[in-house]
**Student:** 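The structure that follows is given in the form of structure tokens.
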Amino acid sequence: MKKTMCVVLALITAGHLLAQDPVAKKYGDLITPADLKENLSILASDAMEGRETGKRGQKMAAAFVKANLEDFGLAGPVNGGFYQNVELYTSMPGDIYLKAGQTKFSNFQDIVFYGSSDSGGDVTVPTVFVGKGRKEDFDLINVEGKAAVIQQGAEENYRAALTLARERKAKVVLIYNENASAFKEFAAQLKDYLSEGILSVKKPEAGEQRAGVFFIAQPVAAKILNTTIEKLGKAVTENTLKKVKPATIMYKTAMDIKVLKSDNVLGYLEGTDKKDELLVISAHYDHIGKNRGTEGDLINNGADDDGSGTVSVLQLAKVFAQAKKEGKGPRRSILFLLVTGEEKGLLGSDYYTQHPVFPLESTVVDLNIDMVGRRDPQHKDSAPYVYVIGSDKLSTELHNLNEQQNKTYTNLIFDYTYNDQNHPDRLYYRSDHWNFAKNNIPIVFYFDGIHEDYHKPSDEVSKIEFDLMAKRAQAVFYTAWEIANRDQRIVADKK
């Protein structure tokens, strides 16, 4: 009898957890593929010229976003307006070189400097070899205040090693690829990318302690460390990094600084009895603009990246505003935050969190939507899915709530592949939620994966799966609805 009662109670509990709120369902159903397609067909059209940060297309896209937020009846929270002006700094490469002894290596020839730091003149620094740049390598070799030379595998991403080097307070980082032929092509790509400079929120100051990163050809690495590439490779495989003798280099990174103006676009929906607590729903609305050249399709429309996230946020804003008009407004306030400069280094969200319109301590959660309109190759034949990143990093409660709302309403496959902190792509750190997370604000990042049209002109509206996109937007809506209306605010786990 006791066992039977436990089963009954379990079934009742499960039924309760999966019971749909008819009010939430009513408004969730208003998120439709047709509305998403109508907005995306405008936002990701050729007329927007690829929406590059600071360019005419970005200004047009910002005006489109603002007009929608205004039409929905949202308030402009920036001194009565919808634009948060973002002043950025463009660092154009000037006189940049690296010297080993009497040998000078020039930028875009033997080396490529990726960064915005002006060294303020020649800098002389001791240099050490850190092998593959793994934790165990840094445990073996002290890099504080030094130049750290790292060997990158042919198919490896350099970001993890660079992050570790900076955490260990390396003065500067130099990376060479174990594939000797990789440097020439990579240098050409980086030269093209850097031709219009690197953007930053903070104005670079001459003599900053943390420089950028030098990508160097194999012969440069050998010259710097007074050895051969073969011996460096042997030191890696035999774990004899300490046998590579330290050396000294001199480098200079001169920058020409210019100002670039852009905008975040903000729409605010005031809550009721818990209006002083804020939920942020974010996406980046600009993209990477046009490719150089005269032939073929040159416009990177960014239909998926992140037109899909932008129109999803707009649709959520419309639905929440409609609920408020009908007396079902959220208890907590909601900020619909469309940011600039994500492609240039998460700049708009960085600016917002440094200059918040609403106190960060009142900000409960950021739900970030970046690329939700496509499938990646790993899910070519999959049931409806979405990658979920970061939901459990700061709040177990948020993670469980997000899971529960999905099971109750949308039943998407939540793929946590990229949530692994050891995943080489490190996506937890690569979209706008990160600037909230580093301020200890719980986040969820919704993502569809990296497909063959990523950052290409072929990222077109015609390739968007709007039914799947609508379902993903609904998943975000139901989590947002619960967070905005529940009795207790979501709190970060104690660290």
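None of these values were measured; they are calculated from a predicted model. We count residues from 1, following the sequence as given.
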**Student:** Look only at the side chain of Arg374 and the backbone of Asp305, and say whether a donor-acceptor pair between them is shorter than 3.5 Å.
**Tutor:**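 It does not hold such a pair.
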
**Student:** Applying side-chain contact (heavy atoms from CB on, under 4.5 Å) to Tyr251 and Asp122, what does each step give before you reach the verdict?
**Tutor:** CA-CA 6 Å; Tyr251 68 88; Asp122 289 338; over 6 Å; no

**Student:** More than 12 non-hydrogen atoms from neighbouring residues, nucleotides or ligands closer than 6.0 Å to NZ on Lys223, yes or no?
**Tutor:**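 No, the 6.0 Å shell around NZ holds no more than 12 heavy atoms from other groups.
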
**Student:** Can you tell whether the side chains of Arg168 and Asp139 come within less than 4.0 Å, N to carboxylate O?
**Tutor:**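 Answer for the salt bridge query: yes.
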
**Student:** Could you tell me the separation between the CG atom of Leu225 and the OG1 atom of Thr228, rounded to the nearest 0.5 Å?
**Tutor:**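 The CG atom of Leu225 sits 10.5 Å away from the OG1 atom of Thr228.
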
**Student:** Do Arg51 and Leu43 touch side chain to side chain, with heavy atoms closer than 4.5 Å?
**Tutor:**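 Sidechains of Leu43 and Arg51: in contact.
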
**Student:** side-chain contact (heavy atoms from CB on, under 4.5 Å) between Leu398 and Val365: does it pass, once the steps are laid out?
**Tutor:** CA-CA 9 Å; Leu398 174 61; Val365 166; 4.2 Å; yes

**Student:** State which residue, out of Tyr158, Phe105, Tyr193, fulfils the ring-ring contact (aromatic ring centres under 6.0 Å, His included) condition with Phe215.
**Tutor:**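 Exactly one pass, corresponding to Tyr158.
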
**Student:** Do Ile464 and Met469 make a side-chain contact, defined as non-hydrogen atoms from C-beta onward lying under 4.5 Å apart?
**Tutor:**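 When only atoms from C-beta onward are counted, Met469 and Ile464 do touch, with a gap below 4.5 Å.
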
**Student:** How about NZ on Lys231, more than 12 heavy atoms from neighbouring residues, nucleotides or ligands closer than 6.0 Å, or not?
**Tutor:**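 Not more than 12 within 6.0 Å, no.
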
**Student:** With a 4.5 Å limit on heavy-atom distance, are the side chains of Gln58 and Tyr285 in contact?
**Tutor:**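 Contact flag for Gln58/Tyr285 side chains = yes.
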
**Student:** Other residues, nucleotides and ligands only: do more than 12 of their heavy atoms fall within 6.0 Å of CD on Glu185?
**Tutor:**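 12 or below, so no.
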
**Student:** Can you confirm whether Arg472 sits close enough to Asp448 that some side-chain heavy atom of one is under 4.5 Å from a side-chain heavy atom of the other?
**Tutor:**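 They are in contact (side-chain heavy atoms under 4.5 Å apart), so the answer is yes.
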
**Student:** Could you check whether Glu156 pairs with Lys132 (Lys NZ or Arg NE/NH1/NH2 to Asp/Glu carboxylate O, under 4.0 Å)?
**Tutor:**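 Salt bridge between Glu156 and Lys132, a charged N being under 4.0 Å from a carboxylate O: yes.
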
**Student:** With a 4.0 Å cut-off, would you call Lys344 and Glu52 a salt bridge?
**Tutor:**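 Here Lys344 pairs with Glu52 in a salt bridge, since their nearest N and O are under 4.0 Å apart.
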
**Student:** Determine whether Val259 and Tyr89 make a side-chain contact, defined as any pair of heavy atoms from C-beta on separated by less than 4.5 Å.
**Tutor:**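 Sidechains of Tyr89 and Val259: in contact.
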
**Student:** Is it true that Ser349 and Asn435 share a donor-acceptor pair across their side chains at a distance under 3.5 Å?
**Tutor:**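 Yes, Ser349 and Asn435 have a side-chain donor paired with an acceptor closer than 3.5 Å.
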
**Student:** In the structure I gave you, are the side-chain heavy atoms of Phe358 and Tyr352 within less than 4.5 Å of one another anywhere?
**Tutor:**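 With C-beta onward as the side chain, the pair touches.
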
**Student:** Below 6.0 angstrom between ring centroids: does that apply to His399 and Tyr416?
**Tutor:**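 Yes.
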
**Student:** Looking at Asp453 and Lys456, is any side-chain nitrogen of the basic one under 4.0 Å from a carboxylate oxygen of the acidic one?
**Tutor:**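 No, no charged N to carboxylate O under 4.0 Å.
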
**Student:** Parallel, tilted or perpendicular: which describes the rings of Phe129 and Tyr176, with under 30° parallel and over 60° perpendicular?
**Tutor:**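 Geometry flag for Tyr176 against Phe129: parallel rings.
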
**Student:** Under 6.0 Å from the NZ atom of Lys243, do we count more than 12 heavy atoms belonging to anything else shown?
**Tutor:**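 It does not: Lys243 NZ has 12 such atoms or fewer within range.
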
**Student:** Could you check whether any side-chain heavy atom of Asn239 comes within less than 4.5 Å of a side-chain heavy atom of Leu140, counting everything from C-beta outward?
**Tutor:**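 A side-chain contact exists here, since the closest heavy-atom pair is under 4.5 Å.
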
**Student:** Between Lys463 and Asp459, does at least one N-O distance fall below 4.0 Å, as a salt bridge requires?
**Tutor:**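 Asp459 and Lys463: not salt-bridged.
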
**Student:** So how far is it from Ile441 CD1 to Leu360 CG, rounded to the nearest 0.5 Å?
**Tutor:**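 Interatomic distance, Ile441 CD1 to Leu360 CG, rounded to 0.5 Å: 4.5 Å.
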
**Student:** Can you confirm if the aromatic rings of His379 and Tyr387 lie within a centre distance of less than 6.0 Å?
**Tutor:**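 They qualify: ring centres under 6.0 Å apart.
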
**Student:** For Asp370 and Ser431: C-alpha separation, side-chain torsions, deciding distance, then whether side-chain hydrogen bond (donor to acceptor under 3.5 Å, both in side chains) applies.
**Tutor:** CA-CA 7 Å; Asp370 191 350; Ser431 191; 2.8 Å; yes

